[in-house]
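Right, one structure below, let's go through it.
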Amino acid sequence: MTSSVHLSRRHVLAAGAAGAAGTALGAGAVAQPAAHAADLPLLGTYDVVVIGSGAAGMTAALTAAKQGLSCVVVEKAPTFGGSAARSGAGIWIPNNSVIIAAGVPDTPAKAAEYLAAVVGPDVSVERQRAFLAHGPAMLSFVMANSPLRFRWMEGYADYYPELPGGLPNGRSIEPDQLDGNLLGPELARLNPPYMDVPAGMVVFSADYKWLALAAVNVKGAAVAAACLARGTAAALRGEKPLTMGQSLAAGLRLGLRSAGVPVWLGTPLTDLYVENGTVSGAVVTRDGAPGLVRARRGVIVGSGGFEHNAAMREHYQRQPIGTDWTVGAKENTGDGIRAGHRLGAALGLMDDAWWGPAIPLPGQPYFCLAERTLPGGLLINAAGARFVNEAAPYSDVVHTMYDVHDTSPAIPAWLIVDQYYRNRYLFKDVLPALPLPADWYSSGAAHKAWTLDALARSIGVPAPALRTTVDRFNAQARHGRDPDFKRGDSAYDHYYTDPSVLPNSCLAPLWLPPYHAFRIVPGDLGTKGGLLTDARARVLREDGSVIKGLYAAGNASSAVMGHSYAGAGSTIGPAMTFGYIAARDIAGSL
């Protein structure tokens with residue numbers, strides 16, 4: 001079993017158990033005494049109450065319903081889908097039927113060896129085994145009970161493909177195209193995506209690596225044409241095509257509708273209701289008034305992480321941190337985590353998140369994937385020096401930013417590119433060679449100068465150091481080797497790169513002015529710490545005992561990935577799987 005709470009020494013000294021409950025976790029709703037809660041208006045009685053309508057919650061509710069249990073989903077937001085709807089919806093589940101049918105050479109032994117190597121001792125072997133054992137069945141169940149279908153993201157390597165059991169061609173899948181018209185009026189209540197798909201196109205997550213290269217690569221141009229052709233065909237059929245997280249959330253919602261599961265939007269959790277030592281319902285606010293919804297068999301918390309709770313982030317996580325750099329759903333303020341902790345639940349991984357380098361653009365941050373990996377760019381710290389393999393898995397890059405920050409400040413870091421890079425590659429949604437939006441510059445997120453010295457002055461780093469760093473990087477790039485940080489040594493490093501650049505597709509010198517710098521901060525897709533659970537998704541106390549009637553999945557629970565990240569979809573794949581496990585356990589069919 002993992003240790004119950006992962007905190008820095010500073011946090012341990014700063015807060016004992018009472019402080020954690022009162023200061024960080026107590027921010028927001030106050031626990032309702034059981035007697036008082038029982039006197040509230042009864043909003044309904046179900047076998048299972050699910051908190052949250054993200055991937056974990058909707059999968060759990062669909063499973064419960066198909067096990068013959070009555071179920072309701074209560075959702076804080078006025079929309080359904082949570083962070084999953086906003087995401088690219090990669091799903092990492094080894095040995096699922098989709099990848100096996102595609103010929104992926106996966107086996108249970110390979111998957112177990114790889115996951116153990118990635119996760120290490122942070123997560124119990126029993127939880128790892130539960131995820132691997134039930135993940136394929138969960139996916140088959142979802143396909144049998146919803147309109148969702150999935151595609152293999154061919155070539156998207158596991159994040160550590162050189163580890164035992166790792167697959168250089170990847171295990172990740174994503175939802176296939178779905179017609180939003182199937183939702184009817186409910187389509188208006190689907191949480192919008194983090195980034196809009198270009199008008200008239202149907203784009204899958206696996207397409208983005210090629211769209212970034214469309215101006216310089218034949219396959220990139222062909223993929224762009226295929227995306228446009230899909231969009232045109234869908235329009236001619238009168239469809240509203242959904243892909244990625246929009247498809248996933250819509251498909252799960254359609255499954256719930258077919259199964260007769262109500263989803264109460266705009267219904268935040270206030271507290272968990274306990275009766276005779278068992279969690280037996282939830283206190284919620286519906287139509288502006290408090291009420292009690294009872295659960296005969298159990299409550300499943302799938303309410304997301306705490307990425308938008310400033311007090312919790314300040315208390316549990318390394319500094320600097322804030323709520324402005326995350327792309328998680330804005331309603332994710334740790335409500336379910338706080339409610340469970342008030343009942344004595346243990347917590348795990350509270351210091352961690354599904355990190356990724358982000359550019360703090362006006363309006364919302366941009367989670368930076370391809371841009372920091374493409375050849376012709378490098379990351380520097382405040383001293384003007386490189387400090388990390390820019391093409392490493394995004395979570396690792398931010399872990400490194402924090403690890404070095406106290407001795408060599410790297411928050412913010414800076415992504416440095418030249419005009420040759422800008423002439424070739426899509427940057428976010430800005431086409432090659434086109435000017436960047438003016439507010440990127442006025443906000444300080446982007447800088448441009450005709451010399452490296454002038455760029456250094458603009459971003460406040462030592463000019464001689466930046467020149468020395470770029471000169472060294474250029475010399476290494478020309479030879480296609482990075483002895484300093486091993487960029488390009490892993491197959492994963494080459495996913496978001498330019499195959500026309502030789503001898504190393506992730507390395508190219510910077511030589512053409514003007515030069516550009518982009519501010520890089522520790523962004524995230526959501527936090528990964530929460531209620532500690534066992535292999536059956538049951539919430540545990542500090543002493544390892546089970547809180548009867550209480551289950552958790554997704555980012556409201558401590559992640560089965562520990563402090564690492566096995567591959568694209570390591571958030572959603574386990575979230576759906578443990579939601580499925582929780583419902584099966586409640587039904588007695590696990």
Side-chain angles (χ1 to χ4, degrees), residues 1-2 4 46-75 82 123-124 126-127 130-131 133-135 137-138 141 256 261 269 271-275 277-284 293-305 334-349 528-542 544-560 574-590:
M1 184 181 297
T2 69
S4 61
Y46 299 85
D47 292 325
V48 180
V49 174
V50 175
I51 313 299
S53 67
M58 286 200 285
T59 303
L62 183 61
T63 307
K66 292 300 180 177
Q67 293 292 305
L69 302 177
S70 63
C71 183
V72 65
V73 177
V74 296
E75 167 58 53
V123 175
S124 70
E126 291 77 17
R127 286 189 70 211
F131 165 59
H134 293 284
M138 178 280 295
F141 165 83
L256 293 185
V261 177
L269 172 72
D271 202 15
L272 295 166
Y273 175 68
V274 179
E275 195 170 47
T278 299
V279 175
S280 302
V283 179
V284 299
V293 54
R294 287 183 176 268
R296 299 184 190 94
R297 306 282 289 271
V299 174
I300 303 173
V301 177
S303 51
D335 301 358
I337 299 170
R338 297 201 310 269
H341 191 70
R342 287 194 290 268
L343 298 182
L347 305 177
L349 301 174
K528 63 159 56 174
L531 304 173
L532 194 68
T533 58
D534 65 7
R536 292 159 59 182
R538 300 179 301 178
V539 175
L540 304 175
R541 298 184 181 89
E542 295 276 359
S545 63
V546 171
I547 298 178
K548 290 178 63 176
L550 185 60
Y551 295 76
N555 287 354
S557 65
S558 178
V560 74
M576 296 174 70
T577 300
F578 281 103
Y580 172 83
I581 288 172
R584 291 284 302 273
D585 191 70
I586 291 172
S589 61
L590 193 60

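Of the possible polar contacts, none joining the Glu275 side chain to the Ser280 backbone as a donor-acceptor pair under 3.5 Å is found. Here the side chain of Thr59 pairs a donor or acceptor atom with the backbone of Ala55 at under 3.5 angstrom. When atom types are taken as modelled, the side chain of Ser303 and the backbone of Val301 share no donor-acceptor pair closer than 3.5 angstrom.
With values rounded to the nearest 0.5 angstrom, Asp534 atom CG is found 8.0 Å from Ser124 atom OG. The distance from atom OG of Ser558 to atom CG of Leu349, rounded to the nearest 0.5 Å, is 3.5 Å. Interatomic distance, CE of Met58 versus OG1 of Thr63, reported as 12.0 Å (0.5 Å rounding).
Shown are Val283, Ile51, Leu269, Val49; of these, the side-chain contact (heavy atoms from CB on, under 4.5 Å) with Val293 is made only by Val49. The side-chain contact (heavy atoms from CB on, under 4.5 Å) test with Arg538 is passed by exactly one of Ile581, Val546, Ile547, Thr533: Val546.
Using a 4.5 Å cut-off on side-chain heavy atoms (C-beta onward), Val72 and Val50 make no contact. Contact of the Cys71 side chain with the Tyr46 side chain is not registered, since no non-hydrogen atoms from C-beta on lie closer than 4.5 Å. You'll find the side chain of Phe578 reaches within 4.5 Å of the side chain of Val560, heavy atoms only. You'll find the side chain of Leu62 stays beyond 4.5 Å of the side chain of Val261, heavy atoms only.
Here the closest heavy-atom approach between residue Leu531 and residue Ala345 is recorded as CD2-CB, 3.7 Å. Listed here is the closest heavy atom pair of Leu550 and Gly340: CD2-CA, 4.4 Å. Contact between Gly579 and Ala553 at its shortest, heavy atoms only, is N-CB, 3.5 Å. For the residue pair Arg296 and Ser70, the shortest heavy atom distance occurs at NH1-OG, 3.5 Å. Scanning both residues, Val73 and Ala61, for their nearest heavy atoms gives CG2-CB, 3.5 Å. Between Arg297 and Leu69, the shortest heavy-atom distance links the atoms NH1-CD2, 3.5 Å.
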Would you be so kind as to tabulate the donor-acceptor pairs closer than 3.5 Å made by side chains of residues 583-590, with sequence neighbours excluded?
| residue | atom | partner | partner atom | Å |
| --- | --- | --- | --- | --- |
| Arg584 | NE | Ser589 | O | 3.1 |
| Arg584 | NE | Ser589 | OG | 2.8 |
| Arg584 | NH1 | Tyr580 | OH | 2.6 |
| Arg584 | NH2 | Ser589 | O | 2.4 |
| Asp585 | OD1 | Arg536 | NE | 2.7 |
| Asp585 | OD1 | Arg536 | NH2 | 3.2 |
| Asp585 | OD2 | Tyr551 | OH | 2.6 |
| Ser589 | OG | Gln67 | OE1 | 2.6 |
| Ser589 | OG | Arg584 | O | 3.4 |

